Amino acid sequence: MRFRAEQRLRRQNDFRAVRERGRRCDCGAFTLWWRQREAAGEPTPPVSRLGVTASIAAVGPAVQRNRAKRRLREVFRRHQDLVPVNCDLLLVARAALNRLAYVELEQKFVDACRKIFPPAHV
């Protein structure tokens, strides 16, 4: 699956809403914030959306920040089916992120998503 433009959190208000009204899960190398979007009052595209942040203080210079953000976007792209529709995610990178192997990073994301969004029992 692709990571389409409508799946990105772009506006500062969207990032702020996830932080202020959402919930948080500590995943070690990153922090995952999530929030279900309400249908009333907000335009809600029928997709899950992602925002990624990496600060100089937490991750380091631009090359390391960009690598951390690329890796988090790729993990989301590969496993976006684990995130329900109308849910906004914010992934905040930490220093340990770039030291982890990609497989470990991927497993942390998958485990967090399964914990937060358990699959519906049919």
Side-chain angles (χ1 to χ4, degrees):
M1 287 185 112
R2 291 187 55 213
F3 183 52
R4 299 181 309 272
E6 63 267 13
Q7 290 180 280
R8 289 189 172 95
L9 287 178
R10 294 181 183 274
R11 296 181 3 227
Q12 185 177 9
N13 287 340
D14 293 335
F15 280 82
R16 187 177 294 128
V18 175
R19 281 238 170 132
E20 291 176 357
R21 289 178 263 165
R23 303 205 45 207
R24 179 179 63 153
C25 178
D26 182 10
C27 300
F30 61 93
T31 303
L32 188 150
W33 293 77
W34 77 96
R35 174 182 172 252
Q36 280 302 123
R37 277 177 281 145
E38 298 87 26
E42 295 180 20
T44 56
V47 295
S48 52
R49 298 187 306 173
L50 174 72
V52 180
T53 64
S55 71
I56 294 173
V59 182
V63 172
Q64 292 174 358
R65 291 194 315 271
N66 291 337
R67 180 171 190 250
K69 291 188 286 186
R70 266 196 319 271
R71 294 176 86 202
L72 288 172
R73 279 192 300 265
E74 179 63 13
V75 167
F76 174 78
R77 186 191 68 80
R78 287 187 176 196
H79 299 286
Q80 59 190 304
D81 55 323
L82 297 174
V83 181
V85 174
N86 291 333
C87 185
D88 290 343
L89 291 184
L90 175 60
L91 298 176
V92 181
R94 292 193 182 151
L97 186 118
N98 284 333
R99 291 191 299 265
L100 280 181
Y102 180 79
V103 175
E104 292 176 66
L105 176 63
E106 194 171 30
Q107 191 59 51
K108 284 181 180 287
F109 181 81
V110 169
D111 291 344
C113 285
R114 288 193 176 135
K115 178 181 165 187
I116 296 166
F117 314 113
H121 297 291
V122 179

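Note: hydrogens, waters and symmetry copies are ignored here, and every other heavy atom, side chains too, is used. Predicted model, so just to flag it, every value in this text is computed and none were measured.
For the atom pair CH2 of W34 and OG of S48, the computed distance is 15.0 Å after rounding to the nearest 0.5 Å. The distance from the CG atom of D88 to the CZ atom of R8 is 14.5 Å, given to the nearest 0.5 Å. Here the straight-line distance linking atom CZ of R21 with atom CZ of R37 works out to 12.5 Å at 0.5 Å rounding. Taking CZ of R35 as the start and CG of N86 as the end, the distance is 10.5 Å to the nearest 0.5 Å.
Scanning both residues, R65 and G60, for their nearest heavy atoms gives NH1-O, 2.9 Å. Closest heavy-atom contact between A96 and A29: C-CB, 4.1 Å.
Contact of the K115 side chain with the L32 side chain is not registered, since no non-hydrogen atoms from C-beta on lie closer than 4.5 Å. The shortest distance between side-chain heavy atoms of L97 and V59 does not fall below 4.5 Å. Taking the side chain as every heavy atom from C-beta outward, V103 and Q107 never approach each other to under 4.5 Å.
In terms of hydrophobic clustering, with Ile, Leu, Val, Met, Phe, Trp and Tyr side chains grouped at heavy-atom distances under 4.5 Å, V18 and V92 are assigned to a common cluster. Follow the hydrophobic side-chain contacts under 4.5 Å out from I116 and you reach V83 in the same cluster. No path of Ile, Leu, Val, Met, Phe, Trp and Tyr side chains, each step under 4.5 Å between heavy atoms, connects L82 with V75, placing them in separate hydrophobic clusters.
Note on ring orientation: taking the six-membered ring where Trp is involved, the planes of F76 and F109 are perpendicular (angle over 60°, cut-offs 30° and 60°).
R49 places no side-chain N or O within 3.5 Å of a backbone atom of C87 that could act as its donor or acceptor partner. At distances below 3.5 Å, at least one donor-acceptor pair connects side-chain atoms of N98 with backbone N or O atoms of Q64.
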- Task: Evaluate the criterion side-chain contact (heavy atoms from CB on, under 4.5 Å) for residue pair R77 and L50; output intermediate values, then yes/no.
- Result: CA-CA 10 Å; R77 186 191 68 80; L50 174 72; over 6 Å; no
- Task: Mind running side-chain contact (heavy atoms from CB on, under 4.5 Å) on R70 and R73 for me, showing each step along the way?
- Result: CA-CA 5 Å; R70 266 196 319 271; R73 279 192 300 265; 3.7 Å; yes
- Decide side-chain contact (heavy atoms from CB on, under 4.5 Å) for L105 and L72; before the verdict, give the C-alpha distance in whole Å, the side-chain angles of both, and the deciding distance to 0.1 Å. CA-CA 8 Å; L105 176 63; L72 288 172; 4.2 Å; yes
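The existence of a salt bridge linking D26 and R94 is confirmed by a sub-4.0 Å separation between a basic side-chain nitrogen and an acidic carboxylate oxygen. Under a 4.0 Å N-O distance rule, the pair R78/E74 qualifies as a salt bridge.
The cationic atom of R24 (NZ for Lys, CZ for Arg) lies less than 6.0 Å from the six-membered ring centre of W33 and within 45° of the ring axis.
Put simply, the residue from T53, L91, L100 that forms a side-chain contact (heavy atoms from CB on, under 4.5 Å) with F30 is L91.
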